[in-house]
Amino acid sequence: MSPAAYALLGAGEFETWHDDVDRWLLERADGDGSVLISPAAAAPEGDGVFDTWADKGLAHYERLGVPARVLPLKTRDDAERADVVARVDDASMIFFSGGNPWYLATVLIDTPLWSRMRERMTDGLAYAGCSAGVACLTEMTYDSATQDFQQVFKPGLGYVRNALFAPHWDIVDAWIPGAQAAITAAAPPAGVLVALDENTAMVGDGSAWTVLGRQGIHVYRGGSWTDHSAGASFDLALV
């Protein structure tokens, strides 16, 4: 049994900057060496957007010489299908790309697919998430279909407890002025906010992490921030 392996990306999936992230995960994963690509978080935007992310992922892994398949997951019904669940059995890594974190959580939670994924994540399946694929993991996540901060927070998967993830951290205020302050205020009082800059990832086993990419990871806990730049390592028990 391999130790758990996670990569949490702030944004910028399927670009050359995270080649080292992919290699880091696959070196630690068990399975047939293949990657499952899931653009499920983008499914509400239509088949064209879903297929665009799927094709981008396939091209990325083809360039790396890594076999990859697209997981046919768009709805909760898909997550109940035995043929979809079975695709997790032999893969070495699953990659959830961006979109709506809350939608992704509603697709996965309490389904056979999510149950099988959790089993495999303790038995060699590496997990990579970018943006929505990160934000969906906590008890509270974001409904990116709304910009109303009174309505944006919705239930997530609860795989990571007492934490909140904030992808796109370096540019989120440009999207919605005041977003950083509002997200910081929503952090669990006795927990942690993990803010991830774009084109940056934290890779680790769930407790010990290393920052890869171009910018930084920022941890808010107990009313203060700690910044970790690319190449830095830090301890933070999340999984």
Side-chain angles (χ1 to χ4, degrees), residues 1-14 17-31 33-38 40-41 57 60-61 64 66 68 71 88 91-98 101 104-105 108-109 113-139 141 156-169 191-213 215-219 221 228 230-239:
M1 182 183 296
S2 297
Y6 304 93
L8 310 179
L9 288 69
E13 63 269 70
F14 309 138
W17 73 266
H18 71 77
D19 291 359
D20 289 344
V21 173
D22 296 306
R23 295 187 184 103
W24 188 96
L25 289 172
L26 290 168
E27 286 171 0
R28 290 160 175 80
D30 284 339
S34 70
V35 176
L36 285 175
I37 300 164
S38 176
H60 173 78
Y61 288 110
L64 292 177
V66 174
L71 190 66
V88 177
S92 292
M93 174 178 158
I94 189 164
F95 194 116
F96 286 91
S97 55
L104 180 55
L108 289 175
I109 195 164
L113 176 61
W114 180 233
S115 178
R116 182 58 180 143
M117 280 179 54
R118 294 200 316 273
E119 291 173 355
R120 287 262 13 250
M121 285 155 64
T122 65
D123 190 27
L125 177 69
Y127 181 97
C130 184
S131 189
V134 176
C136 71
L137 294 172
T138 49
E139 295 163 289
T141 189
L157 288 170
Y159 183 71
V160 175
R161 301 281 178 170
N162 209 25
L164 182 65
F165 289 124
H168 304 276
W169 187 248
V192 62
L193 169 65
V194 181
L196 306 94
D197 288 340
E198 295 201 331
N199 300 323
T200 308
M202 50 190 285
V203 299
D205 62 4
S207 295
W209 303 92
T210 299
V211 182
L212 299 178
Q215 300 192 79
I217 303 293
H218 316 281
V219 178
R221 180 167 45 186
H228 306 281
S233 296
F234 63 99
D235 293 329
L236 180 64
L238 292 174
V239 180

Task: Test item: W24 and T210 side chains (from C-beta on) under 4.5 Å apart, heavy atoms - done: no
Task: Non-hydrogen side-chain atoms of L238 and Y6 separated by less than 4.5 Å - done: no
Task: M93 side chain near V66 side chain, heavy-atom distance below 4.5 Å - done: no
Open item on the list: Whether the side chain of E139 engages the backbone of N162 through a donor-acceptor N/O pair (distance < 3.5 Å, no angle test) should be reported.
Closed with: yes
Task: Heavy-atom side-chain proximity of D197 to H218 below 4.5 angstrom - done: yes
TODO: Answer yes or no: is there a side-chain heavy-atom contact under 4.5 Å between F234 and V211?
DONE: yes
Task: S92 side-chain N/O to L26 backbone N/O, donor-acceptor pair under 3.5 Å - done: no
- [ ] Output the distance between atom CH2 (W17) and atom CG (L9), rounded to the nearest 0.5 Å.
- [x] 4.0 Å
Task: F95 ring center within less than 6.0 Å of H60 ring center - done: no
Open item on the list: To the closest 0.5 Å, what do you measure between CZ (R116) and CG (D123)?
Closed with: 7.5 Å
Task: N/O donor-acceptor pair under 3.5 Å between W209 side chain and L236 backbone - done: yes
Task: A91 backbone acceptor or donor facing R120 side chain under 3.5 Å - done: yes
